Amino acid sequence: MPRAKDLLLQAVVLGLVAWGLLSLLAEARSRMAAQGIPFSFAFLSQEAGFSLSEGLTYAPGEGLRPFFPSDTYLQALLAGFLNTLKVALLGIFLATFLGLLVAAGRLSANPLARALAAGYVEVIRNTPLLLQLFVWYFAVLLKLPSWENALSWGGVLLSQRGLVLPQVGLGGGVLGLALGLFAGFFLRKRPLWALGALFLGVFLGWVLWGPPLVFAPPQKEAFGPRGGLLLSPEFAALLFGLVVYTAAFIAEVFRGAILAVPRGQWEAAYALGLEGRDAFRLIVLPQAVRIAVPPLANQYLNLAKNTSLGVAVGYPDLFSVYGTVANQSGRSLEAILLVMAVYLTLSLGISAAVNTYNRRVALRWRL
Amino acid sequence: MRLLKALFGTPGNALVSLLLLAFLGWLGQALLLWGLRAEWRVVGENLPYFFVGQLPKEHLPRVGGFLLFLALALLGWLGSLRVVRVPRPRLLSLLGLLGSLFLLPWPPTLWGGLLLSFLLSGVAMLLAFPLGVALAFGRQARLPVLRLIAIAFIEGVRGVPLVSLLFLAFVTVPLFLPEGVRLPQVVRALVAFTLFAAAYLAENVRGGLQAVPKGQWEAAFSLGLTPFQAVRYVILPQALRAVVPALVGQYIALFKDTSLVALIGILDLMGVARAVLANPQNVGLEREVYLFLALVYLLVSGSFSYLGRLLERGLGLGVR
């Protein structure tokens, strides 16, 4: 039975908050109307008139295609959103990988690896991401030689135009690789046999049908690359910056999670006769994953939100497209509200996904 | 000998060590070769500009005094927590606080360079404190309406990038002010930073509140304290003590985040660096300037984390 006093208090607080918000909104509306630009989202269907350096957008009837200046503001924002998603997903994947590597370094028995990993984490975590992005963009990528003098590192072309990666395709021998993996899966109880089966499969496939993977290195021509996958300097700077920055935090999450598993668990595993690697894989790792999931999700969220710093290096992510749209249309309030709503949906989506996963791996106490 | 064994004990280890040594050697010689040729004059010539921005020279003694009193207040506070030994810690912190408040460079339009990054994050954190604590209690409240409002604010702020909050403050604040009143850019940024810091602070304080056992509430009530007294004298002191390290971490993050104001044209440390690099004399000197900036940020963040570790030890967290 709620008490009258509680109800009254809640009503008063709700009224105050609602009154504050509404009066602010009303003030903004009347002020904007007085300036001759009433609050409205109608501008979204107007022609944008600017171009984006990269990115796809959706056009009815045409599907996904590059953005043209004759498209609408809404299509421009959509292209920005897709660019944001591209960086965020790739960044999350690579940062997790690098973070695992650095965490392994920090927990390694090798003092040199430990020191290097610790130095990396300290330097990266104690400097602003914005500074790191500027370093990647202005001090690294834009200082590369011009296209005529492009460097070639293991099939990757490096120049001021960005990075051109070799394209990887599947060759005929992939069939042998698949067969080897298949046989190895059945022999997984005997690692040596499984490895042997894998090698045999790859070898046979190679002899019969050719190599399993084909690398097509880009060709350097006078006016640009032929073939290969081009990463613009803006995209590369944002991706490298985000990955290197977030990996330092992710490494600490993994390290903390592994250290947080009580020592007794290691000892219990040894007492049961498990050896170092098995004790880690079967006993410690499953418990560490459980501890790591919520803070890891936090880091993924941070990475997704930090893609908005693409505006600093000129990558057309959602936020920098917002900047252009606001400038051109004069609709900064409407546009920023829209953009914030998109980011909020993205964040809440990631949290919801992680919470579902977390509920599945969380410890269930049986009473 | 022991080190050698740790580095080259097993073949795998030796391989890793050799690879890392080769990498370190390559990095070291590349840095050395570049460092000798680099044009460090760009840093030397602009040193005051980096630290205090365009603050007029006659204000410099005032800033010096302000920092001195601030250090005094900090020392007194650490003393009253028994982290360091100083005579009359309470008097010292009061004196330091009053002195620094009196000498605080005002208005904020005077702030610039590192001083601006420092003051912007510090003032935002101070202003966010009461709001953050209120939100933390709101999130735990028994009354659903209060809880919902607190959750909506906290999750709404935490779910969007800080840059978008900064731009929102830029766009909307002028709309709410009476005609003719113009808030300087720094103050608008301060509004955004305060709201941002409050949401994160609320989550930290909530962690502390959850760490206080329920029995403490019951004990306080059984002593006849009112809810307000229970919070003020029993719950909050314990909750805040538990979150001091997290708050230091949050301050460091906020300090680094102030660099974002450079994107809206405010001359903080990062903004000054961009202005220096925009000078035609300094074209192409990004590496020198950014390396210097990284060192400054590292030094400041590093000293704050050292302070945080001192506090953690002094408060006996994790020991008691």
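Side chains are part of it too, since the values below use all heavy atoms of this structure and drop only hydrogens, waters and symmetry mates. What you are looking at is a predicted structure, and each value in this text was computed from that prediction instead of being measured. Sequence lines set the chain letters: A, B, ... in the order given, protein chains first and strands last, and positions in each chain run from 1.
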What distance do [X] atom [atom1] and [Y] atom [atom2] have between them, rounded to the nearest 0.5 Å?
X      : Y      : atom1 : atom2 : value
A:F134 : B:R274 : CZ    : CZ    : 3.5 Å
A:E27  : B:T172 : CD    : OG1   : 12.0 Å
A:L129 : B:K256 : CG    : NZ    : 8.0 Å
B:L269 : A:L131 : CG    : CG    : 8.5 Å
A:S351 : B:E155 : OG    : CD    : 7.0 Å
B:F167 : A:F319 : CZ    : CZ    : 4.5 Å

For atom [atom1] of [X], is the number of surrounding heavy atoms from other residues, nucleotides or ligands below 6.0 Å larger than 12?
X      : atom1 : answer
B:F118 : CZ    : no
A:E275 : CD    : no
A:F41  : CZ    : yes

ask   = Within the distance-only criterion (no hydrogens, no angle test), does the side chain of A:Q10 pair as donor or acceptor with the backbone N or O of B:V145 below 3.5 angstrom?
value = yes
Which heavy atom of [X] sits nearest a heavy atom of [Y], and at what distance?
X      : Y      : answer
B:V163 : A:S308 : CG2-OG, 3.4 Å
B:S259 : A:P128 : OG-CB, 3.4 Å
B:I149 : A:V17  : CD1-CG2, 4.0 Å

message: Just to be sure I understand the criterion: a residue of residues 330-339 of chain A counts if one of its heavy atoms is under 4.5 Å from a heavy atom of chain B. Which ones qualify?
response: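 Contacts with chain B: A:S332, A:L333, A:I336, A:L337.
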Within residues 110-117 of chain A, contacts to chain B at heavy-atom distances under 4.5 Å involve A:N110, A:P111, A:L112, A:A113, A:L116
Applying a strict 4.5 Å limit to non-hydrogen atoms, the region of B:L21 in contact with chain A is both
Relative to chain B, which segment of [X] carries a heavy atom at a distance below 4.5 Å: side chain, backbone, both, or neither?
X      : result
A:L9   : side chain
A:V342 : neither
A:E122 : backbone

Task: From CA spacing to verdict: side-chain contact (heavy atoms from CB on, under 4.5 Å), B:L168, A:M340 - done: CA-CA 9 Å; B:L168 183 71; A:M340 287 174 86; 4.0 Å; yes
(message) Tell me which of these, B:L143, B:L165, B:V171, has more heavy-atom pairs under 4.5 Å with chain A than the rest.
(response)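 Among B:L143, B:L165, B:V171, the one with the most close pairs to chain A is B:L143.
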Could you tell me whether the side chain of B:L263 reaches within less than 4.5 Å of the side chain of A:L130, counting heavy atoms only?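 The answer is yes, as the side chains (C-beta and beyond) meet within the 4.5 Å cut-off.
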Note to self: In the structure I gave you, are the side-chain heavy atoms of B:L260 and A:L309 within less than 4.5 Å of one another anywhere?
What the structure shows: yes
Given A:K143, A:M32, A:Q132, the one with more heavy-atom pairs under 4.5 angstrom with chain B than any other is A:K143
